[in-house]
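First up is the structure itself, then whatever we jot down about it.
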Amino acid sequence: MRQSATRFVTGLSLLLGLVILSSTPAAAQDAGVRGGLSVDPDQFYFGGHFETSPLIDRLHFRPNVEVGFGDDITLIAANMEFVYKFPRRGGWGVYAGAGPALNVAMLDDADDSDTEAGLNLLIGVEQARGLFFEFKVGAVDSPDFKFGVGWTFR
């Protein structure tokens, strides 16, 4: 990763950490990992997330960072997503959400990067123990589609 992009990612990570830690008590947060495939750009991605306890009713704040590789681009996405968890029926629950994204794209054969804003709409299913499957639709300058699987450590 180039030095300017590394500084940007470090600064963004610190800002994300401050937002997360100041929003709710640390004991009320769950962390997790995620990975999957995206379309346009066609990539494999991985990342991590935090999830707060409900802010109101069943609405949770779930910021995440995802790093994608492939299609001659490295894409770093910082997603500030909110999810609404519908009442559970059995061991699985459905959730839906949305949120803005900050996307940093670095061409593999060039020496520059491009930072764009985006928007994600998502729907997913999660198991009470932490396993989840998620489908995202991107707007503006986010990847068109993402299908991911992850685990939230509870």
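We use all heavy atoms of the structure for the numbers below, so side chains are in, but hydrogens, waters and symmetry mates are not.
Annotation: the span from F135 atom CZ to L121 atom CG amounts to 10.5 Å, rounded to 0.5 Å. Remark: R154 CZ to E51 CD distance equals 5.5 Å, nearest 0.5 Å. Here the straight-line distance linking atom CG of D114 with atom CE of M106 works out to 11.0 Å at 0.5 Å rounding. Atom NZ of K136 is separated from atom CZ of F147 by 12.5 Å, given to the nearest 0.5 angstrom.
Hydrophobic clustering (ILVMFWY, side-chain heavy atoms < 4.5 Å, transitive): V125 and L131 are in one cluster. Linking Ile, Leu, Val, Met, Phe, Trp and Tyr whenever their side-chain heavy atoms come within less than 4.5 Å puts V67 and F44 in one cluster. Under the 4.5 Å side-chain heavy-atom criterion for Ile, Leu, Val, Met, Phe, Trp and Tyr, V140 and V104 are members of distinct hydrophobic clusters.
Ring planes of F132 and H49: perpendicular class, angle over 60° (limits at 30 and 60°).
In this structure, E66 and N79 approach most closely via the heavy-atom pair OE1-ND2, 3.3 Å. Closest of all the heavy-atom pairs between T152 and D30 is CG2-CB, 3.6 Å. Between N64 and E81 the shortest heavy-atom distance is ND2-OE1, 2.9 Å. Across all their heavy atoms, L119 and G99 have their closest contact at CD1-O, 3.3 Å. The nearest pair of heavy atoms linking N103 to A117 is ND2-C, 4.3 Å. Heavy atoms only, all atoms of each residue included: E126 and R62 are closest at OE1-NH2, 3.7 Å.
Looking at heavy atoms from C-beta onward, K146 lies out of side-chain contact with N120 at the 4.5 angstrom threshold. Taking 4.5 Å as the limit, every side-chain heavy atom of V137 sits out of range of all side-chain heavy atoms of I123. Inter-residue side-chain proximity for L122 and Y95 is flagged as met; some heavy-atom pair is nearer than 4.5 Å. Contact of the F153 side chain with the V33 side chain is registered, since non-hydrogen atoms from C-beta on lie closer than 4.5 Å. In this structure, the side chains of L102 and M80 stay at 4.5 Å or more apart for every pair of heavy atoms. A 4.5 Å side-chain heavy-atom check between L59 and F82 finds at least one atom pair inside the cut-off. By the 4.5 Å heavy-atom criterion applied to side chains, F61 and F50 are not counted as neighbours. In this structure the side chain of D108 reaches within 4.5 angstrom of the side chain of T74, judged on heavy atoms.
With sequence neighbours excluded, no residue satisfies salt bridge (charged side-chain N to carboxylate O under 4.0 Å, His left out) with R89.
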